[in-house]
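The structure under discussion appears below in the form of structure tokens.
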Amino acid sequence: MKFDLDKAWRDAMSLLKANLGLLVTIAGVFYFLPYAAATSFIPEMSQLANPGAGTNADAMMAVMQSMVAKYWWLFLALMIVGGIGNLAMLALMRQRAKPTVAEALETGVKSIATYLGVQVIQAGLIVLVIFFLVGLPGVVGGRALAALGMVLAFVVTLYIIIKLTLVSPVIAMDGEMNPVAAIRKSWTLTKGNSLRLFLFFALLVIAFLVISSVVSLVATLLLAFASAEIASFGMAVVEAATNAIAVVVGACILAAIHAQLARLHSRDEITIEI
């Protein structure tokens, strides 16, 4: 049996309807408020989100590097807070043992170390891929070989990301606290469906980019005649709200995918045993 994209979307929408109020509350506390505060606190974030006319890529990269070097501690805090929120939302959608909000938040706090461990391992894998497919070929074969390696590295990196997509549900919904075991289980659950998952996520990303661009354009037009301070604050609120909504929908989608692939995996195991 293969992954059913349409069923995953319908299941995700069912989870969203059943848990909307609680999910929005968690997202508001762990995503909307921190992101809105950070955007207001860090002027560079507004500059990156709304670059002025004539701003080139080098200037944007310089702003980004300066911002990361100056506020790395804040981005780490946002990552931890967001990770707890994401794990709590997933835990809230457990089907077998429906937890309370307090229990879901407790799960998020207890499992954040595992989640961060997985992020470190994933980043390490991607760095190794870039080193072996781009760095070494560039030294040995020059720019042409490095360019080819860059394409291969991009494909392999996407593959790794897709294979580790279900790590968060495995941690929050299955209770797996070993980062290596969580990675292994996510890798197993996605076996045979990597291409379908990639197409599904690609469609979702395209839809999000289109919708967020329209929302940003409308917000920009509405705030065009406001003062610079009000416009900046308004855009920060709009961007934070857009991201929070995306996180809520994304959590429901991951929970639905996890449930479907877990059922398919269990069915395949039973078939093999028979």
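Residue numbers count from 1 along this sequence. Quick caveat: nothing in here was measured; it's all calculated off a predicted structure.
- The shortest heavy-atom contact between Ala8 and Ala256 is O-CB, 3.5 Å.
- Put simply, the side chain of Val249 does not reach to within 4.5 Å of the side chain of Phe208, judged on heavy atoms.
- Checked by atom type and distance alone, the side chain of Arg94 pairs as donor or acceptor with a backbone atom of Ala172 at under 3.5 Å.
- Taking 4.5 Å as the limit, some side-chain heavy atom of Leu223 sits within range of a side-chain heavy atom of Met235.
- The shortest distance between side-chain heavy atoms of Ile183 and Gln122 does not fall below 4.5 Å.
- Nearest heavy atom pair, residue Pro179 against residue Gly117, reads CB-C, 4.3 Å.
- Cluster annotation: Trp73 is connected to Met79 through the hydrophobic network of ILVMFWY side chains, with a link wherever side-chain heavy atoms come within less than 4.5 Å.
- Residues Val247 and Phe30 have side chains not in contact (no heavy-atom distance under 4.5 Å, counting atoms from C-beta outward).
- Ile211 and Trp9 are assigned to two separate hydrophobic clusters, defined by single-linkage of ILVMFWY side chains at heavy-atom distances under 4.5 Å.
- Taking CD1 from Ile161 and CG from Leu197, the interatomic distance works out to 13.0 Å, rounded to the nearest 0.5 Å.
- Residues Leu33 and Phe75 do not share a hydrophobic cluster, defined by chaining ILVMFWY side chains whose heavy atoms lie under 4.5 Å apart.
- Using a 4.5 Å cut-off on side-chain heavy atoms (C-beta onward), Asn86 and Tyr31 make contact.
- Nearest heavy-atom pair across Met177 and Lys110 is SD-O, 4.3 Å.
- A distance of 11.0 Å separates CG of Leu87 from CG of Leu105, quoted to the nearest 0.5 Å.
- No side-chain heavy atom of Tyr115 sits less than 4.5 Å from a side-chain heavy atom of Val167.
- By the criterion of side-chain heavy atoms lying less than 4.5 angstrom apart, applied directly or through intervening Ile, Leu, Val, Met, Phe, Trp or Tyr residues, Leu76 is grouped together with Val118 in one hydrophobic cluster.
- Proximity of Met89 to Cys252: side-chain heavy atoms (C-beta onward) are nowhere separated by under 4.5 Å.
- Residues Ala226 and Ala231 come closest through the heavy atom pair CB-N, 4.4 Å.
- For Ser216 (side chain) and Ser212 (main-chain N/O), no donor-acceptor pair under 3.5 Å exists by modelled atom type.
- Cluster membership check: Ile257 shares its hydrophobic cluster with Leu204, using side-chain heavy-atom separations under 4.5 Å among Ile, Leu, Val, Met, Phe, Trp and Tyr.
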Go through the steps for Thr114 and Glu176 under the test side chain to side chain contact (heavy atoms under 4.5 Å, CB included), then give the verdict.
-> CA-CA 8 Å; Thr114 304; Glu176 180 57 68; over 6 Å; no
Quick one: do Val205 and Leu209 satisfy side chain to side chain contact (heavy atoms under 4.5 Å, CB included)? Show the steps, please.
-> CA-CA 6 Å; Val205 169; Leu209 291 175; 4.0 Å; yes
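- A heavy-atom distance below 4.5 Å is not found between the side chains of Pro137 and Leu148.
- Note that OG of Ser186 and NE2 of His258 are 8.5 Å apart. Values are rounded to the nearest 0.5 Å.
- A search for side chain to side chain contact (heavy atoms under 4.5 Å, CB included) contacts involving Lys185 returns Val170, Asp174, Leu189, not counting sequence neighbours.
- Note that the CG atom of Leu261 and the OG1 atom of Thr188 stand 11.5 Å from one another [nearest 0.5 Å].
- Across Ala182 and Ile171, no two heavy atoms sit closer than the pair CB-CG1, 4.0 Å.
- Heavy atoms only, all atoms of each residue included: Gly85 and Ile26 are closest at O-CG2, 3.7 Å.
- Atoms CG and CG, from Leu90 and Leu23 in turn, are 9.0 Å apart once rounded to the nearest 0.5 Å.
- Heavy-atom contacts from other residues, nucleotides or ligands closer than 6.0 Å to CZ of Phe233 number 12 or fewer.
- Separation of atoms CE (Met13) and CZ (Arg10) is listed at 12.0 Å; rounding is to 0.5 Å.
- The aromatic ring centres of Tyr159 and Trp187 sit less than 6.0 Å apart.
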